[in-house]
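Take a look at the structure below.
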Amino acid sequence: MRYDIIIIMELELLRHSTSHILAAAVQQLYPSAKLGIGPAIEEGFYYDFDIPGTTLTPEDLVKIEEKMREIVKKDEKFIKVPMSKEDAVKLFTEKGEKYKVELIKEIPDANVTVYRTGDFIDLCRGPHIDSTGKAGAFKLLTIAGAYWRGVETNPMLQRIYGTAFEKEEDLKTHILKLEEALKRDHRKLGRELDLFNIYHEEAGAGLVYYHPRGARLRLLIEDFLRKEHLKRGYEFVITPHIARINLWNTSGHSGYYRENMYFLEIDKQEYVLKPMNCPGHILIYNSKLHSYRDLPVRFFELGTVYRYERSGVLHGLLRVRGFTQDDAHIFTTPEKLQDEIIAVIDFAFEMLKTFGFDYEVYLSTRPENSVGSDENWAHATDALINALQKKGIKYATDPGAGVFYGPKIDVKMKDALGRPWQGPTIQVDFNLPERFDLHYIAEDGSKKRPVMIHRVVLGSMERFLGALIENYGGAFPLWIAPTQVIILPIADRHLGYAEKLKQKLLDSEIRVEVDPRREKINLKIREAQVQKIPYMLIVGDKEEAAGKVAVRSRHGGDIGESGLEEFLDKLRKEIDTKA
RNA sequence: GCCGACGUAGCUCAGUCGGUAGAGCAGCUGUUUCGUAAACAGCAGGUCGCCAGUUCGAUCCUGGCCGUCGGCUCCA
C-alpha cells in the first residue's frame with residue numbers, strides 16, 4: 001500500500017517536471033509566451049500559456065515535443081533557487097511574467113523558491129527530478145482553451161495537455177487504454193446499439209430521444225427503482241412539467257436560477273418549464289396539516305426537468321438540457337434528520353453497488369453566502385458526516401462548496417475516460433421550508449418547521465444511462481439487457497421451431513427475438529455478437545429433432561446443447577443475482 | 001458563453017489547389033437453404049450543416065448562424 005503511494009508520488013513528480021520541460025520548450029520556440037500554471041494531474045500534466053499573436057495547432061505539438069526531447073538530451077539540472085518574495089517579484093516582472101507575479105504576490109511566506117533548468121526559470125515549490133535527462137516517456141496530447149485561474153472574466157490561455165510515465169511501455173499501455181475507452185463512449189455505443197439519439201439539427205441540442213432498445217433499458221431500470229423506493233417507504237407523486245411563475249417566485253428560482261430556466265408566455269401569463277421538482281412536491285406537502293407522527297414524508301417522482309445549459313458544455317447523455325431525475329423530497333423533523341440521511345446514503349450506495357460503479361464522495365460545507373442559522377448548519381453538517389462515518393464511506397471535504405440553502409453530499413461517477421460526473425446527491429435544505437412556510441404539528445401541539453432533504457440516488461436517468469453504457473461497454477448484464485436472448489434458425493425450415501421457442505421464452509418473461517432472415521448462421525451470430533446480446537440460441541435440424549437448443553454466450557462462445565428448461569433455469573439464476 | 005478543431009449518403013470515411021462528388025458497410029431486388037463473428041450480383045441513395053457575400057460559376061474562398069468534438073466555467 002505504502003509502496004503504491006510512493007509510486008504515485010514519483011509519477012506526479014515526473015509529470016510535474018515534464019511540464020517544466022514543456023514550458024521551457026514553448027518559451028524557446030515562442031519567446032513571447034507567458035507562463036500560467038503547469039501542474040501534474042491525475043492522468044498526466046498540463047501547462048497554460050499566453051502566447052500573443054500565436055494560436056497553437058496540433059502540428060505545433062510535434063515541434064514542441066521535438067524541442068522537449070532536445071532539452072532532455074542536454075540533461076540540464078533542475079536547480080532550486082530560494083529567494084525573497086521581493087527578488088522573485090522583481091525577477092518575474094523583468095521577464096514580463098505577469099501571471100507568475102500575480103501568484104508570487106499571493107504567497108503568504110516571505111520566501112519562495114524558483115527552479116532553474118538551463119535558461120528556463122519558473123516559480124515552483126518543487127521538488128523535481130534531478131535533471132531533464134531523467135525524464136521518462138512522455139507525449140503531448142491536446143490543446144485547449146482555459147481561463148487564467150478558471151475565471152471567466154480573465155484572459156483565455158492556451159493549455160497543452162500531455163502525459164508522462166517512467167517507462168515507454170507504460171505510456172503505450174496508457175495510450176492504448178485511451179483508445180479502448182473511445183470504443184466504450186456512450187455516444188458511439190448509443191448509435192451502434194441503437195439505444196438513443198439526439199436530433200441536434202432537427203429538434204435541438206441536449207434533448208434525448210430514446211429508441212426502442214434504449215427505452216426498454218431505461219424502463220427496466222425505472223421499474224427496479226420504483227420497487228426499491230416502495231420498499232423504503234417512499235410515496236409516488238406526479239407533477240406537471242410547467243407551472244406559473246408565481247411558484248418559482250415563491251421558491252426563489254426565478255431569481256437565482258433564472259439563467260438556467262426556460263420561460264413561456266401564453267395569454268399574458270408567464271409559465272416556467274420546471275427546472276426542478278421540489279416546488280411541486282412542496283405544494284403537495286403543504287396541501288394538508290402534518291403531524292410529527294407522520295414524518296418523515298417521502299415524495300418520489302421520476303421528474304423530468306429542463307435546464308438551459310450553455311452550448312459548450314453539452315455532452316451526449318452526460319450533460320443535457322432535458323432530463324429525468326429520480327428525485328425525492330423528504331420532509332422530516334430535525335430529530336429524525338440523522339436517521340433519514342443514513343437511510344438515504346444506504347439507498348444510494350446500494351444502487352451504485354448494484355450497477356458496479358466506480359465513484360468518489362464529496363461533502364460540501366457551508367458557503368459564504370447562505371441562509372439558515374449557524375445551529376441548523378452545524379446540525380445538518382454533523383448529520384451528514386455522522387452518516388458517512390457510520391457507513392464507513394471514504395469522502396473528501398469540499399469546504400464552502402455547499403448550496404446556499406444547506407450542506408450536501410455529492411457522489412461522482414466516472415465515465416470511460418475517468419472523467420467525473422455528479423450522480424447521486426443528498427442535500428439538506430433550510431431555505432424552502434421557510435419560503436413556503438412549511439410546518440408540522442409537534443408533540444406539544446405547536447407548529448414547527450420541518451427540514452427538507454433533496455436527494456437523487458442515481459442522479460438523472462440520462463446521465464446514469466450514459467455512465468452505465470460506458471461502465472459495461474454496452475454489454476449489459478442479463479437483468480437489464482434490452483434483448484436477453486436471440487434465436488437464430490439455421491435455415492428457414494427451422495423458423496417454426498424458433499417461433500415456438502420464442503413463445504415459451506416470452507411466457508417466462510424473457511426478452512427474446514428471432515432472427516428470421518435468410519442469412520448464413522455466421523452472419524446472424526456476428527450481428528448478435530456486435531449487438532452484445534447475452535445469449536444466442538442456434539437451432540437447426542439436430543436441435544429441432546432433439547427438442548433442444550444450442551446455446552452460445554456473448555462472452556463464452558459456444559457452450560453446447562441444452563434443454564429449454566435447463567437453459568431457463570440458468571437465465572433465472574443469472575437474472576436474480578443481477579450478475 | 002469562451003478558446004481551438006470539425007460538419008461530405010443511415011453509419012465509417014475518401015475527394016474536389018472554384019467547373020454541382022466517391023468507397024466500404026447498411027438499405028432495396030435477385031440468386032444462394034447455408035451449422036458458431038461478414039455468401040454473391042445488381043440497383044438505388046447526397047440542394048457536400050444552414051443563410052448571406054465574392055465569382056461567369058461555390059461543397060471548396062469570406063462572413064454570420066446552427067451543431068459536434070476536446071477543454072475552461074457550471075451542474076443531475
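In what follows, every chain begins at residue 1, and chains take the letters A, B, ... in the order their sequences are listed. Bear in mind the structure is a predicted one, so any value in this text is a computation, not a measurement.
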Legend entry - Under 3.5 Å side-chain donor-acceptor pair for A/Arg159 and A/Thr142: no

Inset, instruction - Verify the ring-centre separation between A/His174 and A/Phe165: is it less than 6.0 angstrom? - result: yes

Inset, instruction - Mind checking A/Asp327 for me? I need base, sugar-phosphate or nothing, with any heavy atom below 4.0 Å counting as a touch. - result: nothing

Inset, instruction - Give one of base, sugar-phosphate or nothing for A/Glu201, where a contact means two heavy atoms less than 4.0 Å apart. - result: base

Inset, instruction - Identify whether any heavy atom of A/Arg517 sits under 4.0 Å from a base atom; if not, whether one sits that close to sugar-phosphate; answer base, sugar-phosphate or nothing. - result: nothing

Inset, instruction - Describe the nucleic acid contact of A/Gln325 in one word from base, sugar-phosphate, nothing, applying a heavy-atom distance below 4.0 Å. - result: sugar-phosphate

Inset, instruction - Look at all strands and tell whether A/Leu157 reaches a base, only sugar-phosphate, or nothing, counting heavy atoms closer than 4.0 Å. - result: nothing

Legend entry - 5′-ward residue of the pair A/Asn522/A/Asp410 relative to RNA chain B: A/Asn522

Inset, instruction - Remember a base hit wins even if backbone is also touched, and classify A/Glu259 as base, sugar-phosphate or nothing at under 4.0 Å, heavy atoms. - result: nothing

Legend entry - Pair listing, ring-ring contact (aromatic ring centres under 6.0 Å, His included) test, anchored in residues 308-327 of chain A, at least two apart: A/His315-A/Trp421

Inset, instruction - Among residues two or more places apart or on two chains, list those pairs meeting side chain to side chain donor-acceptor pair (under 3.5 Å) that have a residue in residues 395-407 of chain A. - result: A/Tyr405-A/Gln427

Inset, instruction - Identify whether the distance between the nearest side-chain nitrogen and carboxylate oxygen of A/Arg310 and A/Glu152 falls below 4.0 Å. - result: yes

Inset, instruction - Please work out if A/Phe464 contacts a base, only the sugar-phosphate, or nothing of the nucleic acid, heavy-atom cut-off 4.0 Å. - result: nothing

Inset, instruction - Using the side chain to side chain donor-acceptor pair (under 3.5 Å) rule, collect all pairs that involve residues 541-552 of chain A, keeping only residues at least two apart or in two chains. - result: A/Arg493-A/Asp541, A/His494-A/Asp541, A/Gln529-A/Arg552

Legend entry - For chain A, the stretch of RNA chain B it reaches, first to last nucleotide, under 4.0 Å of its heavy atoms: B/G1 to B/A76

Inset, instruction - Name the nucleic acid region contacted by A/Tyr257, choosing base, sugar-phosphate or nothing; use a 4.0 angstrom heavy-atom cut-off, strictly under. - result: nothing

Inset, instruction - Identify whether any heavy atom of A/Leu523 sits under 4.0 Å from a base atom; if not, whether one sits that close to sugar-phosphate; answer base, sugar-phosphate or nothing. - result: sugar-phosphate

Inset, instruction - Could you tell me whether A/Tyr161 and A/Phe45 have their ring centroids closer than 6.0 angstrom? - result: no

Inset, instruction - Name all residues meeting the ring pair (Phe, Tyr, Trp, His ring centres under 6.0 Å) criterion together with A/Tyr535; count only those two or more places apart in sequence or in a different chain, and write none if there are none. - result: A/Phe567

Inset, instruction - Would you mind classifying the nucleic acid contact of A/Arg463 as base, sugar-phosphate or nothing, using non-hydrogen atoms under 4.0 angstrom? - result: base

Inset, instruction - Assess the side chains of A/Tyr497 and A/Glu499: does a donor N or O sit below 3.5 Å from an acceptor N or O? - result: no

Inset, instruction - Using a heavy-atom cut-off of under 4.0 Å over every strand shown, decide if A/Glu462 touches base, sugar-phosphate, or nothing. - result: nothing

Legend entry - Nucleotide-level pairing of RNA chain B, given in dot-bracket where Watson-Crick and G-U pairs need both distances under 3.5 Å and | marks other strands: (((((((..((((.....[..)))).(((((.......))))).....(((((..]....))))))))))))....

